[in-house]
Visitor: 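Encoded as structure tokens, here's the structure I'll be asking about.
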Amino acid sequence: MEPENELIAARWQKLQELYRRGIDPYGGRFERTHTTADIHGNYPALEGERVSLAGRLMALREHGKATFADLQDGEGKIQLYFRVDKLGEQYELLKLLDLGDILGVVGKVFRTRRGEVSIEVESFVLLCKSLRPLPEKWHGLKDTDLRYRQRYLDLIVNPESRLRFILRAKILRAVRQFLDSKGFLEVETPSMQVIPGGAAARPFVTYHNALDLQLYLRIAPELHLKRLLVGGLEKVYEMGRVFRNEGISTKHNPEFTMLELYQAYADYTDMMALLEEMVDFIIREVLGRPTVVYQGTEINLAPPWPRLTMLEAIKKYTGADFGLIRDPQEAKRAAADLGVEIGEDWEWGKVVNEVFEVLVEPHLVQPTFILDYPVAVSPLAKRKKEDPELTYRFEAFIACREIANAFSELNDPVDQRRRFEAQVAARTRGNEEAHMMDEDFLRALEHGMPPAGGMGIGIDRLVMILTDAPSIRDVILFPTMRPRGD
RNA sequence: GAGCCAUUAGCUCAGCAGGUAGAGCACCGGACUUUUAAUCCGGGUGUCCGGGGUUCGAAUCCCCGAUGGCUCACCA
């Protein structure tokens, strides 16, 4: 290894000097009595106590025979105070330290003249020598490319990034806590599937050697979870990674975290209530307040959320009543009049859905349920009894983003087969996102699946809103990036 | 996939009527025993993203490419 520049070379020289003096620069086990947060949290009580703590050296302020430093651990920072008359010969070793080094220190808690709770160090041990310089201390690391590729640097120097991932973990825990308390069973189903289904998306393809089998990474766990309903597991959920071979944007990462849950003998109205209750629980547990500010806009997440059907929503925002325009040709004309571009061969439902997405979604800033999606865009949802062109399906929107998608699950195997056939036909016409025929799933349905409500929630997008993250890459520790060409 | 923008020191950035590169932090040397973006004195450490071109001369202008960001497309 050759030092790349002067800054790294200086650290290498210090490393060699440490070896010369018989000091192991890579330490070992170190017994901590406290974290920085423990000390700040119990300050007056700990005054004068001897403590040991460990962390990364983030700042050094030399004053000749005394030196101040900032030590950062997993929970925060604390100031260290080194004096030559306390440390004797060890004081000289400070010259061999650099920002970024990891230290273990033992010392007494005190408060400085300026009021800063600090540790008067009695001894310290080098636990790891850092050979590369940290990003700048004041501005942090701003370059998004480096922040995503070298997330560890982002986590070291940008506290808001670290907090966001801690919050993400708390949100996931709250979700599990909530569902467990409701009697849902957490399950795990295959990520590698013979037929990818449960969503409209292009899959990643992989290959199993021993089976000589092409497999797909799952685009959704849906069809396996429904098999579990057939098997008598009446309330199940899975929170896991799904993979979609599509474009990358601030709202899309090729792998992302999806929560899906199914409840036998329930329907989509139960799912609405469950979602409201779950989000309410999460914000109470994690944020402690019912509102969030997302990118400058205040959003009130407190239930209940307004509900309107897709047809009502379109009427509200465009004036057009597609409930009365049921002929596909007329619907296309109406859509065109509204300035919405539509495909020649689209059915009524697809036209309506397109009008909704283009003209209504941008208005859905505050939490809103949109009900009764067209059957044409809902191949796995139960038809509405009163209107077979529509389904018992809703999506929940927050900040103009789809947060949840739920329906009364289709449990009629004959209708499901017809829907798959329509999907296969669309696939033949070149729609690569359409479903494939899944005989194995149909066989399960033919054994009988209880009526059920099911729901899918994009966890990353929920975390984005709850943590005010502008990009999905800000809530995924290692987002998918093109490899760097060095 | 398309358009726009960006890429300069380890980091954050300035420099662009074309004249051969700067600041702050970091770093190196020195002073300093309660500082905290410590301070003071001295030091600029560089493949100006890469490759071509125009020009006496390119960080700056042109072309191609790389990577990223945003917008759009895609994502029911």
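Lettering of chains follows the sequences in order, A, B, ..., and the numbering in each one begins at 1.
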Visitor: What's the gap between B:U34 and B:A21 when it is taken at their P atoms, as a whole Å value?
Guide: 43 Å
Visitor: Of the listed nucleotides (B:C11, B:C74, B:U35), which one gets closest to any side-chain atom of A:Phe68?
Guide: B:U35
Visitor: Can you tell me which nucleotide in B:U34, B:C74, B:C70 comes closest to the side chain of A:Arg473?
Guide: B:C70
Visitor: Here's a test of your reading of the structure: between A:Val84 and A:Leu97, which maps to the more 5' nucleotide of RNA chain B?
Guide: A:Leu97
Visitor: Starting at CD of A:Glu341 and ending at C1' of B:C74, how long is that distance when rounded to a whole Å?
Guide: 14 Å
Visitor: Any base atoms under 4.0 Å from A:Arg482, or only sugar-phosphate, or nothing? Heavy atoms, all strands.
Guide: sugar-phosphate
Visitor: Figure out the CD/C1' separation between A:Glu432 and B:G1, and round it to whole Å.
Guide: 14 Å
Visitor: Within the structure shown, what part of the strands sits under 4.0 Å from A:Thr67 by heavy-atom distance: base, sugar-phosphate, or nothing?
Guide: nothing
Visitor: Does A:Glu341 have more than 12 heavy atoms from other residues, nucleotides or ligands lying within 6.0 Å of its CD?
Guide: no
Visitor: What does A:Glu246 touch in the nucleic acid at a heavy-atom separation under 4.0 angstrom: a base, only the sugar-phosphate, or nothing?
Guide: sugar-phosphate
Visitor: What interatomic distance, in whole Å, is found between C1' of B:A37 and the corresponding atom of B:A2?
Guide: 44 Å
Visitor: Can you tell me whether the side chain of A:Gln79 and the base of B:U35 have a donor-acceptor pair closer than 3.5 Å?
Guide: yes
Visitor: Take the protein atom CG of A:Asp70 and the nucleotide atom C1' of B:U35, then report the distance between them rounded to whole Å.
Guide: 10 Å
Visitor: Check the distance between B:G30's C1' and A:His63's NE2 and give it to me in whole angstrom.
Guide: 16 Å
Visitor: Return the value, rounded to whole Å, for the distance between atom CG of A:Leu94 and atom C1' of B:U35.
Guide: 14 Å
Visitor: Contact class for A:Tyr373 vs. all strands (heavy atom < 4.0 Å): base, sugar-phosphate, or nothing?
Guide: nothing
Visitor: Taking atom P in both B:G57 and B:G19, compute the distance separating them and give it to the nearest angstrom.
Guide: 14 Å
Visitor: If you only use heavy atoms from C-beta on, which nucleotide in B:C27, B:A37, B:U36 is closest to the side chain of A:Arg114?
Guide: B:U36
Visitor: Tell which nucleotide pairs with B:C61, taking only Watson-Crick or G-U wobble pairs whose two distances are both under 3.5 angstrom.
Guide: B:G53
Visitor: What is the distance, to the nearest angstrom, from the NZ atom on A:Lys95 to the C1' atom on B:A31?
Guide: 12 Å
Visitor: Does a side-chain N or O of A:Arg149 approach OP1 or OP2 of B:U67 to a distance below 4.0 Å, or not?
Guide: no
Visitor: Which nucleotide, in any strand shown, forms a Watson-Crick or G-U wobble pair with B:A31, with both distances under 3.5 Å?
Guide: B:U39
Visitor: Indicate, with a heavy-atom threshold strictly under 4.0 Å, whether A:Arg111 touches base, sugar-phosphate, or nothing.
Guide: nothing
Visitor: If the P atom of B:C32 is compared with that of B:U45, how far apart are they to the nearest Å?
Guide: 28 Å
Visitor: Is the Lys NZ or Arg CZ of A:Arg151 less than 6.0 Å from the centre of A:Phe478's six-membered ring, within 45° of the axis?
Guide: no
Visitor: Please report the interatomic distance CG(A:Leu410) to CG(A:Leu445), rounded to the nearest 0.5 Å.
Guide: 7.0 Å
Visitor: The side chain of A:Glu6 lies closest to which of these nucleotides: B:U45, B:U35, B:U12?
Guide: B:U45
Visitor: Ignoring the backbone of A:Arg83, work out which of B:C70, B:U33, B:U35 is nearest its side chain.
Guide: B:U33
Visitor: Quick check for you: among B:U35, B:G10, B:G69, whose closest atom lies nearest to any side-chain atom of A:Thr144?
Guide: B:G69
Visitor: Taking for each residue the nucleotide of RNA chain B bearing the nearest heavy atom, is the 5' side occupied by A:Phe110 or by A:Ala376?
Guide: A:Phe110
Visitor: Using the C1' atom as the point on both nucleotides, what is the distance between B:C70 and B:U39, in whole Å?
Guide: 42 Å
Visitor: So, A:Arg164 side chain and A:Val475 main chain: donor-acceptor pair closer than 3.5 Å or not?
Guide: no
Visitor: For B:A26, which nucleotide in any strand shown is its Watson-Crick or wobble partner with both distances under 3.5 Å?
Guide: B:U45
Visitor: Would you confirm whether A:Tyr392, through its side chain, and A:Glu409, through its main-chain N or O, come within 3.5 Å as a donor-acceptor pair?
Guide: no
Visitor: Does the side chain of A:Asn5 get closer than 4.0 angstrom to OP1 or OP2 of B:G10 through an N or O atom?
Guide: yes
Visitor: Measuring only the C1' atom in each nucleotide, how far is B:U12 from B:G53? A whole number of Å is fine.
Guide: 33 Å
Visitor: Is A:Arg202 atom CZ crowded by more than 12 heavy atoms from other residues, nucleotides or ligands, each under 6.0 Å away?
Guide: no
Visitor: Give me the distance, rounded to whole Å, that separates B:G15 from B:G44 when you measure between the C1' atoms they each carry.
Guide: 16 Å
Visitor: Identify whether any heavy atom of A:Gly140 sits under 4.0 Å from a base atom; if not, whether one sits that close to sugar-phosphate; answer base, sugar-phosphate or nothing.
Guide: sugar-phosphate
Visitor: Just by distance, do the side chain of A:Ser191 and the backbone of A:Arg218 share a donor-acceptor pair under 3.5 Å?
Guide: no
Visitor: Measuring to OP1 and OP2 of B:A26, would you say a side-chain N or O of A:Lys137 lies under 4.0 angstrom away?
Guide: yes
Visitor: To the side chain of A:Ser471, which of B:C70, B:U33, B:A38 is closest?
Guide: B:C70
Visitor: Starting at atom CZ of A:Arg11, determine the distance to atom C1' of B:U45, rounded to an integer number of angstrom.
Guide: 15 Å
Visitor: Compare the minimum distances between each of B:U34, B:G10, B:C28 and the side chain of A:Ala10, then state the nucleotide with the smallest one.
Guide: B:C28
Visitor: B:C63 and B:A6: how far apart are their P atoms, nearest whole angstrom?
Guide: 14 Å
Visitor: Are A:Arg61 and B:A38 close enough that a side-chain N or O sits under 4.0 Å from OP1 or OP2?
Guide: yes
Visitor: Measure from the side-chain heavy atoms of A:His139 and tell me the nearest of B:U12, B:U67, B:C70.
Guide: B:U12
Visitor: Across the strands shown, which category fits A:Glu354 at heavy-atom distances under 4.0 angstrom: base, sugar-phosphate, nothing?
Guide: nothing
Visitor: In a check of side chain to side chain donor-acceptor pair (under 3.5 Å) between A:Arg383 and each of A:Asp412, A:Thr391, A:Asp415, which one passes?
Guide: A:Asp415
Visitor: Can you label the angle between the A:Phe369 ring and the A:Phe394 ring as parallel, tilted or perpendicular, going by 30° and 60°?
Guide: perpendicular
Visitor: For B:G3, give its Watson-Crick or G-U wobble partner with both distances under 3.5 Å, or none.
Guide: B:C70
Visitor: To the nearest Å, how far apart are A:Lys14 NZ and B:C28 C1'?
Guide: 9 Å
Visitor: Looking at every strand, decide which applies to A:Phe256 at a 4.0 Å heavy-atom threshold: base, sugar-phosphate, or nothing.
Guide: nothing
Visitor: Looking at the side chain of A:Leu146, which of B:C11, B:A37, B:U35 is the nearest nucleotide?
Guide: B:C11
Visitor: For a quick check of understanding: with a heavy-atom distance under 4.0 Å over all strands, which category does A:Leu141 fall into, base, sugar-phosphate or nothing?
Guide: sugar-phosphate
